[in-house]
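For reference, the structure is listed below as structure tokens.
Chain letters run A, B, ... following the sequence lines, proteins first and then strands; every chain starts at 1.
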Number of protein chains: 4
Amino acid sequence: MNTPSSPRWRRRKSARPDEIRDAALELFVERGFAATRMDDVAARAGVSKGTVYLYFETKEALLRSVVEDLVEPALARAESRAASHGGSSAELLRELIRMWWHTVSGSRLSGLPKLMVSEARNFPELARYFAEHVVRRTRALFEGVIRRGVERGEFSPRLDVEAGARLAMAPLVYASIWQHSLACCGDEDFDPERFVTAHLELFIAGITCKEAK
Amino acid sequence: MNTPSSPRWRRRKSARPDEIRDAALELFVERGFAATRMDDVAARAGVSKGTVYLYFETKEALLRSVVEDLVEPALARAESRAASHGGSSAELLRELIRMWWHTVSGSRLSGLPKLMVSEARNFPELARYFAEHVVRRTRALFEGVIRRGVERGEFSPRLDVEAGARLAMAPLVYASIWQHSLACCGDEDFDPERFVTAHLELFIAGITCKEAK
Amino acid sequence: MNTPSSPRWRRRKSARPDEIRDAALELFVERGFAATRMDDVAARAGVSKGTVYLYFETKEALLRSVVEDLVEPALARAESRAASHGGSSAELLRELIRMWWHTVSGSRLSGLPKLMVSEARNFPELARYFAEHVVRRTRALFEGVIRRGVERGEFSPRLDVEAGARLAMAPLVYASIWQHSLACCGDEDFDPERFVTAHLELFIAGITCKEAK
Amino acid sequence: MNTPSSPRWRRRKSARPDEIRDAALELFVERGFAATRMDDVAARAGVSKGTVYLYFETKEALLRSVVEDLVEPALARAESRAASHGGSSAELLRELIRMWWHTVSGSRLSGLPKLMVSEARNFPELARYFAEHVVRRTRALFEGVIRRGVERGEFSPRLDVEAGARLAMAPLVYASIWQHSLACCGDEDFDPERFVTAHLELFIAGITCKEAK
DNA sequence: AATGAATGAGACTTCATTCAT
DNA sequence: GATGAATGAAGTCTCATTCAT
């Protein structure tokens with residue numbers, strides 16, 4: 001009876017939690033946690049109010065699941081791809097920035113930075129998780145490349161590696177956040193592609209430039 | 001203003017709205033608009049719940065007042081100070097970045113970017129106001145300096161002026177936001193002074209560097 | 001009944017309702033009707049939630065069935081046993097009290113008094129059923145013995161027969177109720193055997209005592 | 001302004017919690033805790049839903065307050081009155097039983113035994129409180145009188161003091177419970193006065209009777 | 001001007017009941 | 001017969017807002 005050949009039913013069943021997570025992510029990013037009603041999450045996921053509670057014990061548990069379960073696989077993929085690159089340090093850095101941007105910008109994850117920034121103080125445990133599992137790990141990737149560049153003499157020897165890694169990412173994070181907030185209401189001129197490209201060039205110019213000061 | 005003929009209670013009376021605004025700003029930044037209760041605002045301002053409604057019609061009106069009434073005077077001051085500077089374009093830019101940071105970082109305003117990013121989608125009118133009165137005007141200051149530098153041949157002629165202005169500000173905005181979110185919970189290593197200083201040097205190196213690419 | 005021609009699954013099938021009733025009785029007695037969830041009944045009966053509804057139309061119907069279907073056979077048995085006793089009225093009364101206690105105390109029925117007391121006001125129809133089919137019939141047994149004792153001069157002639165019957169039973173009912181409530185939480189010293197025995201002796205002493213007042 | 005001479009307002013304000021407690025007690029006794037809705041409590045107390053939560057943090061806290069705050073003063077009064085009696089032990093016991101009955105039967109407290117019996121298993125902490133502060137203390141009063149009677153030779157020397165005290169109270173407790181349950185629905189013949197009087201006579205006859213067995 | 005008790009709409013959550021498999 | 005995912009009415013509790021004092 002319950003053969004794997006009855007796919008519609010089976011797939012729907014196991015897909016439910018994902019559909020709910022996706023709906024919740026969209027709404028949490030758009031409105032914030034407190035301003036999102038569980039009814040809206042249910043409606044956007046196409047289920048009834050009660051169904052959400054079949055899969056997630058509380059609204060807060062739903063938030064945790066949204067953050068933790070979406071982030072891990074994406075990050076693991078990114079790290080493995082990052083490890084497989086060769087070339088000059090500048091080239092590598094360029095790749096890393098482009099990869100970050102293309103991985104995050106169009107995907108469901110693009111709203112996570114805004115969400116975490118908005119809710120960090122209200123959910124410190126979750127913020128800690130995010131800081132350690134996402135922020136730190138991502139920064140480690142950038143620090144690795146920058147340190148290599150400094151050690152090989154490709155980048156300025158006076159470069160502060162940690163601050164440099166943060167600075168490489170800051171405009172990317174800023175762009176993600178901006179796209180989900182003011183770029184929707186008021187700053188529609190913001191062109192993230194152009195912004196990220198300019199950052200890429202300017203940042204690499206800055207860290208490779210030998211003449212400066 | 002503070003003539004001896006205005007007794008203490010009269011001064012207190014007119015100070016009430018400001019005290020409430022300050023309390024509201026702190027809480028809105030920390031918890032977000034929806035998660036902040038009017039009771040908490042009143043308690044932090046040291047007044048009773050009803051008093052808040054003497055000065056602000058609704059919770060949303062309080063938010064609007066927080067944003068609009070705090071921003072205008074600070075920005076006007078900044079613009080006049082910016083206009084009075086001389087020196088090379090790099091020097092001017094350095095000044096501008098430092099000024100932004102020192103004006104914003106320690107003041108009550110430092111939380112505004114986080115607040116606006118979090119609430120923009122829920123209050124599009126307010127976001128539009130903020131984008132036009134704060135973001136655009138501030139960026140105009142940076143664009144002015146950068147355009148001058150390009151025109152005078154001090155900065156790379158291939159520099160995208162608008163993107164450049166955004167990039168000059170992005171790490172500053174990022175630092176403000178970070179300080180009120182993840183730097184409190186999980187990313188305590190973040191050192192904004194060091195970060196902003198590194199940005200200053202790297203950014204100016206990038207835009208003045210003639211050899212790049 | 002248990003002919004070899006009734007295969008195991010057939011017996012199980014007809015046993016289901018009883019298993020559910022037993023589970024429901026336990027939980028209704030322990031937690032009360034409103035605080036008991038159908039899920040818990042199903043879980044304790046070892047069936048799925050839906051199965052309960054195969055046999056009982058609603059939660060209230062399950063309650064009715066628990067009370068009505070458990071009580072009738074037990075009571076019929078008791079009446080027939082009571083009728084077959086001989087001896088002095090005191091002896092008979094002693095027997096009746098002991099029988100009541102031993103029939104009720106260890107059995108599934110021991111919780112019924114607590115259940116009915118708790119739910120009588122919420123289910124007046126059921127309470128009426130219980131009062132007429134259980135309380136009144138049981139009391140009639142006691143009244144019969146006591147009236148016989150008074151008529152034969154074995155008991156005090158001034159004895160109020162109806163009140164006497166109620167008083168013979170009151171400590172028994174009290175003990176049943178207590179065992180399922182406060183004797184579980186707070187009054188663990190309560191020793192029902194000792195209590196019932198003391199009642200037996202004292203009550204018979206009271207009604208047979210000629211010297212009193 | 002807030003002189004004690006504006007009594008209506010002041011009295012109402014401080015009377016609110018008591019009015020709510022009384023309403024809650026009535027409903028909890030009648031329907032049980034789980035089947036009582038906070039809206040109903042509010043309606044019966046003549047206030048709005050939210051007002052109940054001004055004075056009681058949760059529904060459970062309201063239950064605790066109902067039990068703990070109503071019981072203590074009544075019990076203290078009873079103990080002091082009990083201490084001031086003289087006369088023979090039988091007379092004293094008679095007084096105690098009558099006092100218990102008249103204190104409890106007509107008052108707001110008369111439903112407490114039913115409430116506690118019904119909810120003990122769901123609120124073990126509360127049950128423990130009730131068992132220790134009410135049941136044990138009340139029984140101690142009875143044990144004192146009975147022990148005195150045995151020691152003075154007024155009561156049968158073979159009397160089990162603890163069981164005797166419980167037996168003195170059991171019909172009283174039973175009558176309280178019955179009045180709030182089956183005496184309302186099905187056993188309307190129950191006449192508590194007659195029942196308690198019969199108990200009084202029979203119990204004293206039993207314990208003073210020298211001839212028995 | 002200031003208070004804080006009171007309100008009630010609305011949010012989160014539970015659970016009796018249904019029904020496709 | 002049996003299951004358990006799904007539903008949505010209904011309950012608990014919160015909080016923006018009002019208003020008598």
Any salt bridge between B/R31 and B/D40, counting N to O under 4.0 Å?
-> yes
Is atom CD of A/E68 surrounded by more than 12 heavy atoms (other residues, nucleotides or ligands) closer than 6.0 Å?
-> yes
Heavy-atom count around B/R108 CZ within 6.0 Å, excluding the residue itself: above 12?
-> no
Please state whether the rings of B/F33 and B/F123 are parallel, tilted or perpendicular, taking 30° and 60° as the class boundaries.
-> perpendicular
Where the side chain of D/M38 is defined as all heavy atoms beyond and including C-beta, which of E/dT14, E/dA16, F/dT12 is the nearest nucleotide?
-> F/dT12
Find which nucleotide of DNA chain E each of A/E60 and C/E60 is nearest to by heavy atoms, and output the residue with the more 5' nucleotide.
-> A/E60
Hey, which sits more toward the 5' end of DNA chain E by its nearest nucleotide, D/L54 or C/A35?
-> D/L54
Mate of E/dT17 across any strand shown (Watson-Crick or G-U wobble, both atom pairs under 3.5 Å) is F/dA6
Counting Watson-Crick and G-U wobble pairs only, both distances under 3.5 Å, name the nucleotide matched with E/dC12, or none.
-> F/dG11
Does E/dA1 pair with anything, Watson-Crick or G-U wobble, both distances under 3.5 Å, and if so, with which nucleotide?
-> none
Nucleotide of E/dA6, F/dT12, F/dG4 approaching C/S48 most closely (side-chain heavy atoms) = F/dG4
Between CZ of B/F56 and P of F/dT17 the distance, given in whole Å, is 13 Å
What is the distance, rounded to the nearest whole Å, between atom CG of B/D40 and atom C1' of F/dA16?
-> 13 Å
With a non-hydrogen cut-off below 4.0 angstrom, is C/K49 in contact with a base, only sugar-phosphate, or nothing?
-> base
Smallest heavy-atom separation, D/V117 atom then C/K114 atom, equals O-CE, 3.4 Å
Could you check B/K59 against D/T36 and say which one's nearest nucleotide on DNA chain F is further toward the 5' end?
-> D/T36
Among the candidates F/dT12, E/dC12, E/dT17, find the nucleotide nearest to the side-chain atoms of C/T58.
-> E/dT17
Check every atom of E/dA6, E/dA2, F/dT12 against the side chain of D/Y53 and return the nucleotide holding the closest atom.
-> F/dT12
Within the pair D/Y55 and E/dA6, is there a side-chain N or O less than 4.0 Å away from OP1 or OP2?
-> yes
Return the 5'-most residue of the pair B/F33, A/T51 with respect to DNA chain F, ranking by each residue's nearest nucleotide.
-> A/T51
Figure out the CZ/P separation between A/R37 and E/dT13, and round it to whole Å.
-> 14 Å
Grab the CG-C1' distance between B/L63 and F/dA16 for me, whole Å please.
-> 15 Å
Between E/dA1 atom C1' and B/E19 atom CD, what is the distance in whole Å?
-> 14 Å
Per atom distances to the B/D39 side chain, the nearest of E/dT13, F/dA16, F/dG8 is F/dA16
